[in-house]
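Written below as structure tokens is the structure these notes are about.
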Amino acid sequence: MVALTFPDGARREYPDHITGLDIAKGISPSLAKRTVAMALDGTLADLADPIEKDAKIEFVSREDPRALELIRHDAAHVLAEAVQSLWPGTQVTIGPVIENGFYYDFFRNQPFTPEDFAAIEKKMCEIIARDKPFTKEVWSREKAKQVFRDKGEGFKVELIDAIPEDQSLKIYKQGDWFDLCRGPHMTSTGKVGNAFKLMKVAGAYWRGNSDNPMLTRIYGTAFAKQEELDAYLKQLEEAEKRDHRKLGRELDLFHFQEEGPGVVFWHAKGWTLFQAIIAYMRRRLAGDYDEVNAPQMLDKSLWETSGHWDWYRESMFAAQSAGDEAEDKRWFAIKPMNCPGHVQIFKHGLKSYRDLPVRLAEFGVVHRYEPSGAMHGLLRVRGFTQDDAHIFCTEAQLADECLKINDLILSVYADFGFESDLVIKLSTRPEKRVGSDASWDHAEAVMSKVLEQIAQRSGNRIKTSINPGEGAFYGPKFEYVLRDAIGRDWQCGTTQVDFNLPERFDAFYIDSDGSKKTPVMVHRAICGSLERFTGILLEHFAGHLPLWLAPKQAVVATITSDADDYAREVAKAARRLDLRVDADLRNEKINYKVREHSLAKVPALLVVGKKEAETRTVSIRRLGSEKQTVMPLDAALASLADEALPPDVKRMRQAA
RNA sequence: GCCGGGUUAGCUCAGCCGGUAGAGCACUUGAUUUGUAAUCAAGGGGUCGGGGGUUCGAAUCCCUCACCCGGCACCA
């Protein structure tokens, strides 16, 4: 007998091997009908599974949030059946559920195109309408391999070989069609419903390895209800509207062109925004860091010493004299990182333990030859500016330095409007690395402890996790992941502990006992790539930047030319308060001007007509609002100037 | 880098099966002095991404290169 506890707390005994379906039927036929799966002790399972031990049982209906992944998973199977019935000979591989839907990878000589979607979706609807039950069978390894081999499904055979020996092989049938799958599934294909949509096709390597054949992946999404699907599609449209590449063009911030793949042409307004971010970061570093600047190009020998030449040569740019007759035809590497340069600065002159920690910061421009397919607007470029720093310290100072960096990172993110849903990941030693296991053991131990402390100090507000094998080649790292206004995650900051580079470069300090010691080096970035961070900010704010970041903070717009002199006066007074202001004296209707500056996302419009000129007031209209507020000029400007203060400056003023 | 799709005026896009280019916005000029998201009119602007091929004839078909987009792989 098994004892099952129901959600209402009732506990009943049933014979061994009874299935969820039998129990549901026993309770009521309507329950059995609307139940698509069950959860045993919180774990989803097939409703037809026999129950072998005592558990808490819940019947999951199609509307249950937990059913969503089942709907999507089942939809992936339906997709696979549809594709194989339309194009026999297409091999199936895997079809998992992902964040916003599902995909299925197929192998076929002729890739699919979105034009095939209509036919596939039609076939999927047929399969769903047929409403065949999902049934599960457990096959022996031999039988499964034989069956799939006979069907010409080579990829499935490979998958079977990869399944650990102690796991049984489950086959799910939906009518005649079947697939190897770990499940669980709903009771029948009809439960998928019609709120699904195929989204896009893409190439994807078999098992994620670029040495393997390329498969065709079909992405789709599915929801319990049509309204949810519609809402999701709407949300995608919204995300498209805040695409920073679109905003960059519309707001005249930057552009790219063919001659410079992956390098940004910053226009005046974009550069103003970019510089506002750097100016903010500089203020945040003042007092703790020394800002330096290391050369853009250095003899490649330095990169050989650091290990970058070995590790990343394919991803580096190098330059030499363009003259055929030049005496010095050495290769200079254009810096892909600032660290070797900073080590040279540290090494210049003898350092005492009393000098440590030495914190060298640089807003250095680095170049990396990113794979052509990786480039993406500002988010992935070949030339970018890092808010980089390297801290040279003693072992004893290491943990404190990491915590100090953490404090700075969190407070910077908060100032930019990223306060919640922060995740910090610890990436540990990769397979390919430099340095002894002992030094990695040590570095990882220190960082694990620091990570714990960070989580504790945040009151467990910050989530932490481990990324095994994802560390840099010279040391483990923390990765700071923030979440934007529409729920997307971005990895920005990083803290990397490095016991290797200082040693490779023979960097040392004189300890209190007069001996030479190798310092520990911490690499850290807060925004990471400032180009990328600018792109993230644009998408986060949908181009509607807070006043302190907006490149054009206000426009003074006249209604008639009678107000021209006054408008000039207003603009001048605003500039005296360090506001970034333009005057729009064109002979245009105020409607026209309002529309134009609103589209340009200017945060504040100061409209002046005859009335305002006579009373020395301005009519303020804020972006996103139709409301107008008439205020005396001085008060209006003072309030704007106050709002335009960067958050750190505001804090300092308030403290003073 | 790999797979697929794309590149037509400053921007957004049309141009069917081959017959040497079009719209709206923007721009320039003129008129309009206007009260909170587009005033009217006229005008200028493209060797259809580059190169090659097929053809009497190519924006259109084929090849190739570059760049862009969606994924994959990569991201010191």
Side-chain angles (χ1 to χ4, degrees), chain A residues 103 105 110-115 199-219 243 245-246 249-250 252 255-262 303 306-316 335-340 366 368-377 379-382 386 430 432-434 470-475 477 491 494 496 498 501 523 525 528-529 532 557-564 585-600 605-612 619-621 623-628 630:
Chain A
Y103 66 78
D105 282 349
Q110 165 111 34
F112 299 106
T113 74
E115 275 102 79
M199 303 297 290
K200 52 195 175 194
V201 288
Y205 296 108
W206 168 235
R207 313 189 93 181
N209 185 330
S210 57
D211 298 328
N212 288 342
M214 178 70 67
L215 308 169
T216 301
R217 175 171 298 178
I218 297 180
Y219 284 92
D243 188 315
R245 292 165 299 187
K246 193 170 142 75
R249 199 167 43 237
E250 289 170 357
D252 192 20
H255 84 268
F256 293 91
Q257 64 187 51
E258 274 191 43
E259 291 82 352
W303 305 100
S306 70
H308 288 97
W309 195 257
D310 277 349
W311 250 261
Y312 288 105
R313 186 173 169 185
E314 302 302 316
S315 310
M316 284 170 68
K335 67 177 178 184
M337 293 203 78
N338 300 303
C339 27
V366 296
R368 299 176 183 180
Y369 185 79
E370 301 287 357
S372 58
M375 256 110 64
H376 183 94
L379 302 184
R380 191 80 181 269
V381 286
R382 285 184 175 159
Q386 285 181 315
K432 254 182 94 184
R433 60 179 182 265
V434 296
E470 298 290 318
F473 72 85
Y474 47 70
K477 62 184 180 186
Q491 196 240 297
T494 172
Q496 307 174 1
D498 182 356
L501 281 193
H523 309 239
S529 153
R532 180 163 175 276
T558 51
I559 293 170
T560 71
S561 52
D562 294 337
D564 283 3
L585 310 181
R586 290 174 305 171
N587 177 12
E588 293 290 353
K589 285 191 170 169
I590 191 61
N591 287 300
Y592 182 89
K593 294 185 184 180
V594 166
R595 175 181 160 82
E596 204 172 74
H597 300 303
S598 297
L599 287 174
L605 265 178
L606 308 181
V607 176
V608 295
K610 220 169 169 177
K611 232 171 11 190
E612 285 78 9
S619 167
I620 305 180
R621 181 187 167 122
L623 180 60
S625 162
E626 286 175 27
K627 218 172 61 194
Q628 303 145 38
V630 178

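Per chain, numbering begins at 1; letters A, B, ... match sequence-line order.
Side-chain N/O atoms of A:R433 and base N/O atoms of B:A76 include no donor-acceptor pair closer than 3.5 Å. Residue A:Y205 places no side-chain atom within donor-acceptor reach of the base of B:G71, judged by atom type and a 3.5 Å distance cut-off alone. A donor and an acceptor atom sit less than 3.5 Å apart, one in the side chain of A:R380 and one in the base of B:C75. For A:R207 against B:C72, no side-chain N or O and base N or O form a donor-acceptor pair under 3.5 Å.
When all heavy atoms of A:E612 and A:V607 are compared, the closest pair comes out as CG-O, 3.9 Å. When all heavy atoms are compared, the tightest approach of A:L501 to A:H523 is CD1-CE1, 3.9 Å. Between A:V434 and A:Y474, the closest heavy-atom pair is CG2-CA, 3.9 Å. For the pair A:W303 and A:M337, the tightest heavy-atom approach, listed with the atom from each and the gap, is CH2-O, 3.3 Å.
Within 4.0 Å of A:R382, counting heavy atoms only, lies no atom of the nucleic acid at all. Base contact: A:P371 has a heavy atom under 4.0 Å from a base atom. Residue-level contact check: A:Y474 touches the backbone only, with heavy atoms under 4.0 Å from sugar-phosphate atoms and none from bases. If you check every strand for non-hydrogen atoms under 4.0 Å, A:G307 touches nothing. Among the protein residues, A:S306 comes within range of no part of the nucleic acid, since none of its heavy atoms lies under 4.0 Å from any strand. Residue A:K200 is classed as a sugar-phosphate contact, given heavy-atom separations below 4.0 Å to backbone atoms only. When heavy atoms are screened at a 4.0 angstrom cut-off, A:L215 is found touching no nucleic acid atom at all. Among the heavy atoms of the strands lying under 4.0 Å from A:R249 are primed sugar atoms or P, OP1, OP2 only; no base atom is included. In this structure, A:E250 reaches neither bases nor backbone, as no heavy-atom distance under 4.0 Å exists between it and the strands shown. Contact annotation for A:K477: backbone-only contact, meaning every heavy-atom pair under 4.0 Å involves sugar-phosphate atoms and none involves a base. Residue A:S372 is classed as a base contact, given a heavy-atom separation below 4.0 Å to a base.
Projected onto RNA chain B by closest heavy-atom contact, A:R245 and A:P336 fall at different nucleotides, the more 5' of which corresponds to A:R245.
Of the candidates B:U33, B:U12, B:A66, B:U33 carries the atom nearest the A:T560 side chain, counting heavy atoms from C-beta on. Of the candidates B:G71, B:C75, B:U36, the closest approach to any side-chain atom of A:I590 belongs to B:U36. Comparing B:G35, B:C75, B:U36 by their closest approach to the side chain of A:K610 singles out B:G35. Of the candidates B:A37, B:G35, B:C72, B:G35 carries the atom nearest the A:S619 side chain, counting heavy atoms from C-beta on. Picking from B:C72, B:A73, B:A37 the nucleotide with the shortest atom distance to the side chain of A:Y219 gives B:C72. For A:H376, counting side-chain heavy atoms from C-beta on, the closest listed nucleotide (B:G70, B:U36, B:A76) is B:G70. Counting only heavy atoms from C-beta on, A:F473 has its side chain closest to B:A76 among B:A76, B:U36, B:U39. Which of B:A73, B:A37, B:G35 sits closest to the side chain of A:R621 comes down to B:A37. Closest to the side chain of A:V607, out of B:C3, B:A73, B:U36, is B:U36. With distances taken from any side-chain atom of A:A374 to the nucleotides B:A38, B:G35, B:A73, the minimum falls on B:A73.
Spacing of C1' atoms, B:U64 relative to B:U7, comes out at 16 Å, to the nearest Å. Remark: the separation of the C1' atoms in B:G6 and B:G50 is 16 Å, to the nearest Å. Nucleotides B:G1 and B:A38, compared at atom P, are 47 Å apart to the nearest Å. On the C1' atoms, B:A58 is 13 Å away from B:A21, given to the nearest whole Å. On the C1' atoms, B:A42 is 43 Å away from B:G52, given to the nearest whole Å. B:G71 sits 40 Å from B:U20 when the P atoms are compared, rounded to a whole Å. B:A14 and B:G46 have their C1' atoms separated by 15 Å, with the value rounded to a whole Å. Spacing of C1' atoms, B:U55 relative to B:C61, comes out at 10 Å, to the nearest Å.
Between the side chain of A:K593 and the main chain of A:T558, a donor-acceptor pair closer than 3.5 Å is present. Between the side chain of A:R368 and the backbone N or O of A:S315, no donor-acceptor pair lies under 3.5 Å. Without hydrogens or angle criteria, A:R382 side chain to A:E370 main chain gives a donor-acceptor distance under 3.5 Å.
Crowding of A:Q257 atom CD: a count of heavy atoms from other residues, nucleotides or ligands under 6.0 Å exceeding 12.
Stacking here means ring centres nearer than 5.5 Å and ring planes tilted less than 30 degrees, and by that measure A:Y312 stacks onto B:A76.
Pair assignment for B:C2 gives B:G71, based on Watson-Crick or G-U wobble hydrogen-bonding distances that are each under 3.5 Å. Base pairing analysis places B:U20 opposite nothing; no Watson-Crick or G-U wobble pair with both distances below 3.5 Å involves it. B:A37 makes up no base pair with any nucleotide shown, lacking Watson-Crick or G-U wobble contacts both under 3.5 Å. For B:G10, the paired base is B:C25 (Watson-Crick or G-U wobble, both distances below 3.5 Å).
For B:U36, the OP1/OP2 oxygens have no side-chain nitrogen or oxygen of A:N591 closer than 4.0 Å.
Look at CE on A:M337: it is 8 Å from P on B:A76, rounded to the nearest Å.
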